[in-house]
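Accompanying notes for the structure given below.
The shown structure was predicted, so the numbers you read here are calculated from the model rather than taken from an experiment.
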Amino acid sequence: MPGMPPPLPPSHFRGDPVPVARALLGGTLVRVLDGGERLTGRIVEVEAYDCPRDPACTAGRFHAARSAEMAIPPGTWLFWTAHGHPLLQVACRPEGVSASVLIRALEPLEGLGQMLSFRPVIRERDLTNGPAKLVYALGLNPAQISGRPVNAPELHLLPPPAPLPDEMVEVTARVGIREGRTLPWRFTMRGNPWVSPAAPSMDLSVTPDG
DNA sequence: ACTTCGATGCTCT
DNA sequence: GAGCATCGAAGTA
């Protein structure tokens, strides 16, 4: 398809995960099944994790040991496990440094029927509005995807056609963490109905006067 | 082997 | 908004 940008290469994820996450918003996550069917969704919510300076990463013993899992080359798919659920991320920074972008919510574009088959839900809007939900809806097997390059045929990312203007990006605190909760490292598409429901409504991009 | 915890999801009120 | 299911990993023994 002419005009379609090529998948983002692993080198795109070599740097600071915060701007990398911001730039991913509005892009497209593309899943290609073994049979060739395409399941795609617009990325409407992402978070950055950056261990050297991130309380949510370095806090206590929690991440200290797990960081070894993220000490892999930048631009590599990996899965974090929380509460028994797999969360899809891309490793960032140079190899050996723990940092990542977490994909938290999608707006389904192609393959809605297949997604619903993978993950039956009552309300359609609950299909991919959470980090583990989208993993299930896309039929991702962590054992199969983990360690693969971010531009792999079976799962890759397309950048947004044009950078999203700041007015369309809501910057808030990250979801579900204790330490580091004030860092404005969560990016959502403003007003998009597919953003995760558990999200804080606090908008850190706007400083209240009082 | 057992305990605790968590970057979640689901099902109620 | 609250309570519970859930399971991989770490720490302890």
note = So salt bridge (Lys or Arg N to Asp or Glu O under 4.0 Å) across residues 137-156 of chain A, not counting sequence neighbours, yields A/Arg148-A/Glu154

task = List the atom of A/Leu39, the atom of A/Ala137, and the distance in Å for their closest heavy-atom pair.
result = CD1-O, 4.2 Å

task = Identify the heavy atoms of A/Phe118 and A/Tyr136 that sit nearest to each other, and give their distance.
result = CB-O, 3.3 Å

ask   = When you measure from the side chain of A/Thr81, which nucleotide among B/dA7, B/dG9, C/dG8 comes out closest?
value = C/dG8

request  = Determine whether A/Pro108 and A/Trp194 make a side-chain contact, defined as any pair of heavy atoms from C-beta on separated by less than 4.5 Å.
outcome  = yes

remark   = note: A/His85, atom NE2; B/dG6, atom P; distance rounded to Å ~ 15 Å

task = Please state how far atom OH in A/Tyr136 lies from atom C1' in C/dT6, giving the value in whole angstrom units.
result = 9 Å

task = In whole angstrom, give the distance that lies between atom CH2 of A/Trp80 and atom P of C/dC7.
result = 19 Å

ask   = When rounded to the nearest 0.5 angstrom, what distance separates CZ in A/Arg31 from CG in A/Leu106?
value = 13.0 Å

key: Pair listing, side chain to side chain donor-acceptor pair (under 3.5 Å) test, anchored in residues 6-25 of chain A, at least two apart   = A/Asp16-A/Arg53, A/Arg22-A/Asp166

task = Give the rounded distance in Å between these two atoms: CD of A/Glu47 and C1' of B/dG6.
result = 14 Å

request  = Look at the side chain of A/Arg119 and decide which nucleotide, out of B/dC10, C/dG8, B/dT8, has an atom nearest to it.
outcome  = B/dC10

ask   = To the nearest Å, how far apart are A/His83 NE2 and C/dC4 P?
value = 15 Å

query = Do we get A/Arg174 above A/Tyr49's six-membered ring, with its NZ or CZ under 6.0 Å from the centre and within 45° of the axis?
reply = yes

ask   = With pairs taken as Watson-Crick or G-U wobble and both distances under 3.5 angstrom, which stems of at least three consecutive pairs involve DNA chain C?
value = B:1-6 with C:7-12, B:8-12 with C:1-5

task = Can you tell me the distance, in whole Å, between the CG atom of A/Asp50 and the P atom of B/dA7?
result = 16 Å

ask   = Just how far, in rounded Å, is P of B/dT11 from CG of A/Asp126?
value = 9 Å

message = Under 4.0 Å from OP1 or OP2 of B/dA7: is there any side-chain N or O of A/Arg186 that close?
response = no

ask   = Taking the side chain of A/Lys133 as its heavy atoms from C-beta onward, which of B/dC10, B/dG6, B/dA7 lies nearest to it?
value = B/dC10

query = Separation of A/Arg123 atom CZ from B/dC12 atom P, in whole Å?
reply = 13 Å

